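Note that the structure is a prediction, hence the values are computed from the model and not measured.
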Amino acid sequence: MALTYLWLVPFGIFSYWLATFLGGALYTLYTTVNKIADGDLTSRLNFVAGRDEFGTIGVALDQAMDTLTELVTTVKTSATSLEETASSFHEEMARSNGQINNQYASLDSVATAMEEMTASAQEVSNISSQSNHQAEEDTKQVEMSYQRVQQAIQDINQLSATSKRHHIR
């Protein structure tokens, strides 16, 4: 009679091994995906490729996370470069605006003196005013663009900081 139930021992051992293998792999997959969902882009499964489907899925997910991490790093580098360029552009714009204002002041003085002498001086003053107005409009457009770039940089830096914060955990 005992021999009748002897097949239960290998079946039980096999069942236990199968449950432990599947449960462990699924739990590791579950916890790693949750960490990634929480923003920890450094989490990896570290499964071995080729042993089973979990290994294949794990390696593919790790490769995807490597690519995503590289993309975030590239975006952060681009944001830094964009911030430096925008800052340099803003400084140049301020310098140009000062030069434009100096030119306008000089031309206005000349136009006032010449206005009394000839009618052609009035034409110079009108052209100067139009140029200054256009420069002011251009300056406003550049300032609005600069503010948009700064907002984009802040958004990217906030994304990067959130990613780093989860990485540190």
Handout entry: Any side-chain heavy-atom pair of Glu91 and Arg95 under 4.5 Å
Key =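 Yes - at least one pair of side-chain heavy atoms lies under 4.5 Å apart.
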Handout entry: Heavy-atom side-chain proximity of Phe89 to Val142 below 4.5 angstrom
Key =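 Side-chain contact under 4.5 Å: yes.
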Are [X] and [Y] joined in one hydrophobic group, where the rule is that I, L, V, M, F, W and Y side chains link up if heavy atoms are under 4.5 Å apart?
{"X": "Ile156", "Y": "Leu71", "answer": "yes"}
{"X": "Val33", "Y": "Leu45", "answer": "yes"}
{"X": "Val72", "Y": "Met65", "answer": "yes"}

Drop me the distance from [X]'s [atom1] to [Y]'s [atom2], to the nearest 0.5 angstrom.
{"X": "Thr32", "Y": "Leu61", "atom1": "OG1", "atom2": "CG", "answer": "7.5 Å"}
{"X": "Thr77", "Y": "Glu70", "atom1": "OG1", "atom2": "CD", "answer": "10.5 Å"}
{"X": "Lys76", "Y": "Asn157", "atom1": "NZ", "atom2": "CG", "answer": "7.5 Å"}
{"X": "Thr67", "Y": "Asp62", "atom1": "OG1", "atom2": "CG", "answer": "11.0 Å"}
{"X": "Ile57", "Y": "Leu29", "atom1": "CD1", "atom2": "CG", "answer": "7.0 Å"}
{"X": "Asp155", "Y": "Gln150", "atom1": "CG", "atom2": "CD", "answer": "11.0 Å"}

Just by distance, do the side chain of [X] and the backbone of [Y] share a donor-acceptor pair under 3.5 Å?
{"X": "Ser88", "Y": "Glu84", "result": "no"}
{"X": "Thr31", "Y": "Thr28", "result": "yes"}
{"X": "Thr69", "Y": "Leu41", "result": "yes"}
{"X": "Thr139", "Y": "Ala135", "result": "yes"}
{"X": "Ser87", "Y": "Glu83", "result": "no"}

Can you confirm whether the side chains of [X] and [Y] place a donor and an acceptor under 3.5 Å from each other?
{"X": "Gln130", "Y": "Asn126", "value": "no"}
{"X": "Asn34", "Y": "Tyr30", "value": "yes"}
{"X": "Ser43", "Y": "Asp40", "value": "yes"}

Problem - Heavy-atom pair with the smallest gap, counting every atom of Tyr104 and Ser128 - result: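 The pair with the smallest heavy-atom distance is CD1-OG, 3.6 Å.
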Problem - CD/Gln154: more than 12 non-hydrogen atoms of other groups inside 6.0 Å - result: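 More than 12 within 6.0 Å, yes.
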Practice task
Inspect the surroundings of CD in Gln158 and state if more than 12 heavy atoms from other residues, nucleotides or ligands are less than 6.0 Å away.
Solution key: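 For Gln158, atom CD is not crowded (no more than 12 foreign heavy atoms under 6.0 Å).
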Problem - Pairing of Lys140 and Glu143 as salt bridge, 4.0 angstrom limit - result: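 No salt bridge links Lys140 with Glu143.
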